[in-house]
Amino acid sequence: MDETEFWELVDATREAAEGDPEEQADLLVDRLLALDPEMVLDFARHFEARFNRAYTWDLWGAAWILLDGASDDAFDFFRCWLVGQGREVYEGGVHDPDSLADLLADFDEEIDGDGEELGYAADEAYEQLTGTVAPDLGIAPAASEPLGAPVDLESDRVLAERYPKLWERFRG
């Protein structure tokens with residue numbers, strides 16, 4: 001599975017789920033079950049690489065604003081959700097987290113921002129296909145700390161200055 005096929009699968013399931021991340025995860029498992037196990041592992045590698053790439057202080061600050069606070073776990077689930085939003089939103093958010101204010105048409109704290117189940121979709125499909133747990137994906141692990149300069153997540157002033165568009169739209 002190449003990068004284009006990965007994003008097409010993400011987009012197709014998000015659109016079919018009408019943006020509901022839990023429904024998207026279920027649809028993703030169904031679509032992955034139609035593939036051979038090696039393709040499922042390819043999908044998992046693409047997903048995990050993007051999940052790891054999004055482990056930055058800048059994105060954590062954006063998640064903090066969108067979710068009105070974000071613990072370690074909440075930020076993990078946010079990164080899964082961000083991958084699930086498709087290439088344009090993902091790449092835009094990673095490149096410039098404040099641009100999420102423009103890239104997200106709607107954001108409902110009740111369902112958006114938590115893509116925990118998306119993070120397990122490939123593992124679940126692989127296990128159903130093979131009866132075994134997915135092997136190590138052979139990609140570099142995530143950094144032990146977020147990349148970039150730390151953000152004072154507890155400071156409204158810092159967040160408002162660093163993410164003016166997000167702050168204005170979601171907290172202003």
Side-chain angles (χ1 to χ4, degrees), residues 6-33 43-44 46-125 127-128 142 145-148 150-172:
F6 168 80
W7 286 119
E8 286 172 352
L9 193 51
V10 168
D11 289 340
T13 55
R14 185 188 67 258
E15 290 165 11
E18 297 178 354
D20 181 316
E22 287 186 26
E23 177 68 18
Q24 182 182 6
D26 291 341
L27 292 170
L28 198 48
V29 170
D30 291 344
R31 299 274 178 101
L32 292 172
L33 287 171
F43 179 90
H46 283 288
F47 192 97
E48 190 74 14
R50 280 148 191 83
F51 175 80
N52 291 347
R53 182 175 164 224
Y55 193 45
T56 67
W57 279 109
D58 282 345
L59 264 175
W60 202 334
W64 192 276
I65 293 169
L66 286 165
L67 301 173
D68 198 17
S71 65
D72 291 357
D73 286 345
F75 183 49
D76 285 349
F77 305 155
F78 176 84
R79 291 184 290 143
C80 290
W81 174 84
L82 187 63
V83 174
Q85 295 309 293
R87 184 181 225 157
E88 180 183 355
V89 173
Y90 172 82
E91 291 292 344
V94 168
H95 177 72
D96 175 13
D98 197 37
S99 73
L100 289 172
D102 301 323
L103 294 168
L104 300 173
D106 296 312
F107 189 86
D108 179 349
E109 272 183 48
E110 297 301 313
I111 61 167
D112 290 325
D114 182 353
E116 178 180 10
E117 299 303 318
L118 289 169
Y120 300 121
D123 290 338
E124 187 177 325
E127 202 166 322
Q128 286 185 40
E145 291 290 319
L147 300 175
V151 175
D152 182 355
L153 300 173
E154 300 289 338
S155 170
D156 287 354
R157 181 189 56 75
V158 167
L159 293 172
E161 287 175 6
R162 194 151 179 179
Y163 309 95
K165 292 189 286 186
L166 278 171
W167 188 264
E168 165 98 13
R169 180 168 170 203
F170 295 100
R171 298 286 166 231

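Bear in mind that the values here come from a model prediction, so they are computed numbers and not experimental data.
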Q | Main-chain N/O of V151 paired to W57 side chain as donor or acceptor, under 3.5 Å | A | no
Q.
Under a 4.0 Å threshold between the charged nitrogen and the carboxylate oxygen, would D58 count as salt-bridged to R162?
A. yes
Q) With side chains defined as the heavy atoms from C-beta onward, is the minimum distance between V10 and F47 less than 4.5 Å? A) no
(Q) Under a 3.5 Å distance rule, please check whether S155 uses its side chain to pair with a backbone N or O of D152 as donor and acceptor. (A) no
Q | Non-neighbouring partners of Y90 that pass side chain to side chain contact (heavy atoms under 4.5 Å, CB included), sequence neighbours left out | A | W7, R50, R53, A54, L82, V83, V94
Q: Please report the closest heavy-atom contact between I111 and P21, naming both atoms and the distance.
A: O-CG, 3.2 Å
**Q.** Full working for side chain to side chain contact (heavy atoms under 4.5 Å, CB included) between L118 and F51
**A.** CA-CA 11 Å; L118 289 169; F51 175 80; over 6 Å; no
Q: Measure across F107 and L66 and return the closest heavy-atom pair with its distance rounded to 0.1 Å.
A: CE2-O, 3.3 Å
Q.
Can you tell me how far apart CD (E18) and CD (Q24) are? Round to the nearest 0.5 Å.
A. 12.0 Å
Q: State, to 0.1 Å, how close R31 and L9 come at their nearest heavy-atom pair, and which atoms those are.
A: CB-CD1, 3.6 Å
**Q.** Spatial distance of atom NZ (K165) from atom OH (Y163) [nearest 0.5 Å]
**A.** 13.0 Å
Q) What's the spacing between S71 OG and L153 CG if we round to 0.5 Å? A) 11.0 Å
Q) In chain order, what residues pass the side chain to side chain donor-acceptor pair (under 3.5 Å) check against D123, with sequence neighbours excluded? A) none
Q: Kindly write out the residues that satisfy ring-ring contact (aromatic ring centres under 6.0 Å, His included) with F78, not counting sequence neighbours, or none if the list is empty.
A: W81
Q. Among all residues two or more places apart in sequence or in another chain, which pass the salt bridge (Lys or Arg N to Asp or Glu O under 4.0 Å) test with E161?
A. R157
Q: Check whether any side-chain heavy atom of L147 lies under 4.5 Å from a side-chain heavy atom of Y55, and answer yes or no.
A: no
Q. By side chain to side chain donor-acceptor pair (under 3.5 Å), which residues pair with D11, not counting sequence neighbours?
A. R14
(Q) Quick check: closest heavy atoms across G119 and C80, and the distance to 0.1 Å? (A) CA-SG, 3.7 Å
Q. Which residue pairs satisfy the salt bridge (charged side-chain N to carboxylate O under 4.0 Å, His left out) criterion with at least one member in residues 60-70, sequence neighbours excluded?
A. D68-R171
Q: First locate atom CZ of F6, then atom CZ of R87, and finally report the distance between them rounded to the nearest 0.5 Å.
A: 9.5 Å
Q. How long is the gap from CG on L28 to CD on E23, to the nearest 0.5 Å?
A. 11.5 Å
Q. So which heavy atom on V29 is nearest to which on A125, and how close?
A. O-CB, 4.1 Å
Q. Would you say E88 has more than 12 foreign heavy atoms packed within less than 6.0 Å of its CD?
A. no
Q) To the nearest 0.5 Å, how far apart are NE2 in H95 and OG1 in T56? A) 12.5 Å
Q) How about F75 and L67: do any of their side-chain heavy atoms sit closer than 4.5 Å? A) no
Q) Shortest non-hydrogen contact from I65 to L166? A) CG2-O, 3.8 Å
